[in-house]
Amino acid sequence: MIVIKFGGTSVQDAPAMVRAIQAVEKQLNRKPAVVLSAMGKTTDKLLKIAEKAHRGEVEAARGISRDLKGHYLRVVRELLTGTRLLKTEDRLGGYFEEISNIIQGLYLLGECTPRSRDAIASFGERMSSLIFAETLGEKGHPVALLDSREFIRTDDDFTRAAVLEEVSFPKIREQVAPPLDDGRLVVLPGFVGSTVNGITTTIGRGGSDYTASLVGAALQVKDIQIWTDVPGILTADPRIVSEVYKIKAISFSEASELAYFGAQVLHPSTLIPAVSRSIPVHVCDSSKIDQIGTLISASSIPCQTPVKSLACKKGITLLNIHSTRMLLAYGFLHRIFEVFDRRRTVVDVVATSEVDVSLTIDSEANLQAILNDLRAFGRVDVEPNVAIICIVGDNLRNTPGVAARIFQALDAINVRMISQGASHINVTFIVQEDKMEDAVRQLHDEFFAEPDPQLFEAIS
Ligand code: ADP
Ligand code: ASP
Ligand code: MG
């Protein structure tokens with residue numbers, strides 16, 4: 001068995017769906033379960049509909065919904081025929097009627113809870129998987145369309161629900177394995193789940209990657225494939241750096257750091273289920289289905305270059321807690337981190353000195369409450385609008401002088417905080433948000449002037 005996941009661009013229209021199906025057809029003998037993202041920018045549009053509806057802009061909300069429906073109907077008319085087309089049009093019509101009812105409900109209530117956001121966002125993946133499954137059926141493949149809400153159990157932290165693996169894994173095995181063993185293709189929506197009470201949840205933006213690895217881990221598959229709109233894991237985000245290279249192979253720990261620190265190509269939790277079971281993950285380009293992408297596995301190819309890739313993320317807030325009480329006091333850091341635990345806020349990067357603790361958070365949702373709690377320890381300075389840049393590579397461990405090269409490359413950019421991960425495979429630092437892109441370009445020039453051809457490949 002294998003798991004194949006297609007991202008939004010990879011199924012955005014009828015030609016993209018056809019290419020994705022060809023990628024599946026090439027691997028029929030490997031018993032694929034296919035995980036689908038919503039088509040194109042559907043999730044953004046559904047969330048916009050919810051936003052407009054509860055603000056009273058019902059006509060605008062209905063307009064977006066109509067355009068979306070028009071696109072979906074055009075796609076299915078290109079892909080399907082006969083009664084299969086009629087049946088699919090009918091089901092899509094039903095979904096858009098439900099969306100219309102949600103619009104009305106949000107408008108009347110004048111509010112949109114995270115739970116309602118998840119209800120509306122879930123339609124994206126449910127519709128793309130329906131269309132994909134029907135298109136496979138149209139081509140004569142035996143196929144089972146499943147609803148992931150029946151086996152991905154989560155808590156009720158709507159919009160970023162945590163998956164309950166102990167409950168979900170047996171359900172995945174019960175529901176996904178039998179049709180695969182019967183020789184059918186399985187198609188299922190990514191991103192969605194449900195609480196123990198059956199309320200629809202989603203597992204965080206970009207979460208279909210995570211669905212794929214959860215299903216892969218539960219079934220102990222041979223391979224988890226993430227098909228996307230780039231040739232693999234690259235040396236930096238191609239939207240920032242124009243001359244990036246594809247990385248042929250990378251270790252789980254390196255790729256996890258990249259995903260965690262903002263490389264959008266993988267949802268941050270994707271590798272967690274794969275690592276403990278040593279399941280290889282491939283990142284492949286859905287527009288070039290014959291090319292080999294990046295292999296992520298337990299081992300990595302030895303190479304001459306200290307850095308494999310750069311990740312970055314904006315929208316970060318830096319907090320500096322200044323307290324003379326920290327001097328020689330045990331339990332101090334524990335009490336500080338308790339605040340973030342209580343306020344359910346993730347801390348990304350930490351650095352300490354004798355009397356200061358600096359740390360970053362990527363959500364300001366609970367900032368006021370956090371500040372109130374932290375002020376009990378001392379003065380707290382807040383710096384919003386900063387960015388994290390993370391340099392990753394196994395060889396960083398054994399390469400002296402990397403910090404010097406970083407500071408040299410960033411001569412005119414102020415580095416606000418720097419931290420080396422305990423694994424010694426990453427160096428993370430903070431710059432002002434509006435300097436992030438220049439910083440990434442300068443660092444890429446510095447570290448990838450002569451990339452080792454054993455590991456890096458120019459993109460055609
Ligand atoms: P999908 O819809 O297929 O899940 P995403 O948009 O979530 O695709 O992720 C793919 C995007 O991730 C790429 O288009 C690219 O701009 C971005 N990206 C950021 N960092 C990297 C990186 N190091 N390697 C590859 N892609 C990256
Ligand atoms: N459709 C969801 C999103 O846009 C999940 C995903 O694409 O992985 O965030
Ligand atoms: Mg994604």
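One-based numbering, in listed order, for ligands and for the atoms of each.
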Which residue supplies the protein heavy atom nearest to [atom], what is that atom called, and how far is it?
atom                    : value
atom 24 (N) of ligand 1 : Leu234 N, 2.9 Å
atom 8 (O) of ligand 1  : Thr228 OG1, 3.2 Å
atom 14 (O) of ligand 1 : Asp229 OD1, 2.8 Å
atom 26 (N) of ligand 1 : Val265 CB, 3.5 Å
atom 5 (P) of ligand 1  : Gln264 NE2, 3.5 Å

Any N or O of [X] that comes nearer than 3.5 Å to an N or O of ligand 1?
X      : value
Ser10  : no
Gly8   : yes
Val230 : no
Thr9   : no

Quiz prompt | Steps toward salt bridge (charged side-chain N to carboxylate O under 4.0 Å, His left out) verdict (Lys139, Glu25) | solution = CA-CA 10 Å; Lys139 290 186 178 295; Glu25 282 172 333; 5.4 Å; no

Quiz prompt | Cationic N near anionic O, under 4.0 Å, Arg205 to Asp44 | solution =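 A salt bridge links Arg205 with Asp44.
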
Quiz item: Is the NZ or CZ atom of Lys313 positioned over Tyr260's six-membered ring, under 6.0 angstrom from the centre and within 45° of the axis?
Solution: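 The answer is yes, since Lys313 meets both limits relative to Tyr260.
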
If you look only at distance, which donor and acceptor atoms sit under 3.5 Å apart when one is on a side chain in residues 118-130 and the other is two or more places apart or in another chain?
residue	atom	partner	partner atom	Å
Asp118	OD1	Thr159	N	3.3
Asp118	OD1	Thr202	OG1	2.7
Asp118	OD2	Thr159	N	2.7
Asp118	OD2	Thr202	N	3.0
Ser122	OG	Ala119	O	2.8
Ser122	OG	Arg126	NH1	2.9
Glu125	OE2	Ala38	N	2.9
Ser128	OG	Ser37	O	2.7
Ser128	OG	Gly124	O	3.4
Ser128	OG	Glu125	O	3.2
Ser129	OG	Glu125	O	2.8
Ser129	OG	Arg126	O	3.3

Self-check item: Test salt bridge (charged side-chain N to carboxylate O under 4.0 Å, His left out) applied to Lys314 and Glu437, step by step
Solution: CA-CA 10 Å; Lys314 287 186 176 174; Glu437 298 189 356; 3.4 Å; yes

Exercise. Say whether, by atom type as modelled, one donor and one acceptor occur between the side chain of His424 and the main chain of Asn398 under 3.5 angstrom.
Key: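 Flag not set: sc His424 to bb Asn398 has no pair under 3.5 Å.
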
Quiz item: Are side-chain heavy atoms of Glu243 and Tyr245 found at a separation under 4.5 Å?
Solution: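 Yes; the side chains approach each other to less than 4.5 Å.
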
Practice problem: Mind jotting down which protein residues get a heavy-atom contact under 4.0 Å with ligand 2? Chain and number order, please. | Solution: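 Its neighbours under 4.0 Å (heavy atoms only) are Ser37, Ala38, Thr43, Glu125, Phe191, Arg205, Gly206, Gly207, Ser208, given by chain and number.
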
Looking at non-hydrogen atoms alone, which of [options] comes nearest to [atom]?
atom                    : options                       : value
atom 25 (C) of ligand 1 : Ser37, Ala263, Ala236, Gly232 : Gly232
atom 20 (N) of ligand 1 : Asp237, Val440, Val392        : Asp237
atom 17 (C) of ligand 1 : Arg239, Lys41, Lys5           : Arg239

Practice problem: Kindly say whether the aromatic ring centers of Tyr95 and Tyr72 come within a distance under 6.0 Å. | Solution: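 No, ring centres 6.0 Å or more apart.
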
Hydrogens and angles aside, do [X] and [Y] bring a side-chain donor and acceptor to less than 3.5 Å of each other?
X      : Y      : answer
Arg153 : Thr195 : no
Ser116 : Thr113 : yes
Gln291 : Asp285 : no
Arg62  : Gln104 : yes

